[in-house]
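Heads up: the structure comes next, in structure tokens.
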Amino acid sequence: MKVAIINCGSSSIKYAVFDMNTREMLGSGLLERIGTQESRVRHRRRNDFGKYDEILMHAPVSNHAEGFEFILSVTAKMRILEDPNELFGIGHRVVHGGEAYNGPVLIDRKVTSKIRELIPLAPLHNPANIEGIEVALKRLPQVPQVAVFDTSFHATIPPHAFHYALPYRLYEEHHVRRYGFHGNSHCYVAKRAAAMLGKSIESLNAITLHLGNGASATAILGGKSVDTSMGMTPLEGLIMGTRSGDVDPAIHFYLLREAGMSIEEVESMLNSQSGLKGICGNNDMREIGGLAEKNDQLAQLAMDMFCYRLKKYIGAYFAVLGRVDAIIFTGGIGENSRVIRSATCRGLSGLGIVMDEDKNNGALGCEAEVQDGQSDVKILVIPTNEELEIADHTVETITALKNGAVQLKP
Ligand code: AMP
């Protein structure tokens, strides 16, 4: 049973194909630079030894429809999907589901127009996600397609945690509230953590830290999200590659008045010129780590700030949860940077969090427990797999429909 995952950006399409009987990813890839002469696909194919070979292919691709066709030809050539109509379903990653979707949904015209209505909440992401859905629906109309939202996992956050202390009518009239993102990643690693600890997901209390170029922390109580650091947009919360995370909102007005900046300039600065890049000029944690080792003061400051902000969220979510079974590191930085994990957990023994530095040093991109024997809280490193999480939701949604549990609307 094969399932394809599509994650469409404004000039890129990420894709993956899974065999859901074995839960193995057969191949995946990223088509980027759509609309230029330099479009290229970086494709990864599973080899006979269970490892992945990378193949780079170039072809001018002028739009997403051509891009989808190119991907189908690549996956056919690589023999991972010879006939796309054999697909059990396609799962589309959609960034914002607003309050409309607290779970995955089979895509029909009503769903696409609802996702379109939500564009003001995610102007950078939802338009590209819709483009991907429309192209795939047109090309493969007989394959069931499911929208899986980044926000849905956070639908369980209670009102006292999702409201901002702003005039209530802004929520009623303009849907201003915390939504949260990276839901598929937080959900996936929480389930893996429960399995690693031999607990049911319903009994797991955890703080999940998704640390990639975008970063967010989530408080998980009994397997459900009860708070998360990203807000109405992915700008709030932790320090990220180029996003500021939390700042005093009054700084914006100050910059308009005193620095002569426009609203657009402030918005772009907060999203793409801030975070790690704003402090040290670089948003790649690997390179920042290397610079800090060579005594680059600003690189060191950026790392210190990154870990300090994380510590504050861990402390806050500890108070929210009362009891914490595990702290989970994931995302490119969480999975690979022993330095960031170690600095984040340093000094938290008062909360029962004690790291074993040798175990931490040995955990690179694989599932591992890295806490000391005396630590009350488990410290876990878990590589995320958002695509597999989306594939699971896709299968569940289509299966429920086939079993008659859900009615497909025309
Ligand atoms: P992601 O968005 O999840 O792909 O994560 C990207 C981030 O992970 C970038 O800041 C990378 O520099 C960082 N990263 C990847 N590998 C390492 C590593 N070995 N050490 C430190 N940071 C890493």
Side-chain angles (χ1 to χ4, degrees), residues 5 7-9 12-16 25 28-32 42 44 52 54 93 95 124-125 150 181-190 192 208-218 228-230 234-235 237-245 271-294 296 298-307 309-310 328-346 355 357 359-368 370 380-390:
I5 305 304
N7 179 359
C8 224
S12 68
I13 306 176
K14 259 193 197 163
Y15 61 92
M25 190 174 73
S28 68
L30 170 66
L31 165 64
E32 46 188 355
R42 199 178 287 279
R44 292 171 75 231
Y52 291 89
E54 200 169 279
R93 178 196 181 215
V95 166
L124 298 179
H125 297 103
D150 252 23
F181 300 88
H182 289 146
N184 292 307
S185 177
H186 290 291
C187 180
Y188 175 82
V189 296
R192 283 301 312 148
T208 48
L209 305 171
H210 177 105
L211 312 176
N213 206 22
S216 64
T218 295
T228 193
S229 59
M230 283 180 168
L235 189 52
L238 302 177
I239 292 173
M240 307 178 219
T242 63
R243 291 180 225 147
S244 62
N271 275 300
S272 41
Q273 302 299 325
S274 298
L276 298 169
K277 186 177 179 189
I279 296 300
C280 69
N282 196 321
N283 62 324
D284 187 311
M285 190 58 96
R286 235 173 322 199
E287 291 177 21
I288 296 171
L291 290 166
E293 271 176 22
K294 290 183 196 137
D296 183 306
L298 290 180
Q300 188 59 55
L301 175 64
M303 288 177 79
D304 292 347
M305 289 170 66
F306 185 89
C307 297
R309 180 79 54 88
L310 268 171
I328 304 162
F329 286 90
T330 192
I333 299 170
E335 291 162 27
N336 297 299
S337 176
R338 57 197 165 85
V339 179
I340 293 292
R341 292 193 302 251
S342 171
T344 302
C345 293
R346 199 169 301 138
M355 185 166 263
E357 294 299 340
K359 287 186 188 158
N360 182 44
N361 289 340
L364 269 184
C366 56
E367 287 187 356
V370 298
L380 307 180
V381 178
I382 304 181
T384 196
N385 195 339
E386 293 169 84
E387 290 84 7
L388 183 55
E389 185 65 22
I390 296 173

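We count ligands from 1, going down the list as the structure has it; atoms in each ligand are counted the same way.
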(request) Write out all pairs satisfying side chain to side chain donor-acceptor pair (under 3.5 Å) with one or both partners inside residues 280-292, taking only residues at least two apart or from two chains. (result) N282-E287
(request) Verify, without hydrogens or angle tests, whether R338 (side chain) and G362 (backbone) share a donor-acceptor contact under 3.5 angstrom. (result) no
(message) Between R341 and S337, do the side chains contain a donor N or O and an acceptor N or O under 3.5 Å apart?
(response) no
(request) Kindly write out the residues that satisfy side chain to side chain donor-acceptor pair (under 3.5 Å) with S12, not counting sequence neighbours, or none if the list is empty. (result) none
(request) Mind checking side chain to side chain donor-acceptor pair (under 3.5 Å) for S229 and listing every partner two or more places apart, or none if nothing turns up? (result) none
Show me a pair-per-line table, with atom names and distances to 0.1 Å, of protein N or O atoms that are under 3.5 Å from an N or O of ligand 1.
unit_1   : atom_1 : unit_2 : atom_2 : d
ligand 1 : 2 (O)  : N213   : N      : 2.9
ligand 1 : 3 (O)  : G332   : N      : 2.9
ligand 1 : 8 (O)  : I333   : N      : 3.3
ligand 1 : 10 (O) : M285   : N      : 3.0
ligand 1 : 12 (O) : D284   : OD1    : 2.5
ligand 1 : 12 (O) : M285   : N      : 3.0
ligand 1 : 12 (O) : R286   : N      : 3.1

(message) Here's a test for you: under side-chain contact (heavy atoms from CB on, under 4.5 Å), which of T384, I382, V381, L209 qualifies with I328?
(response) I382
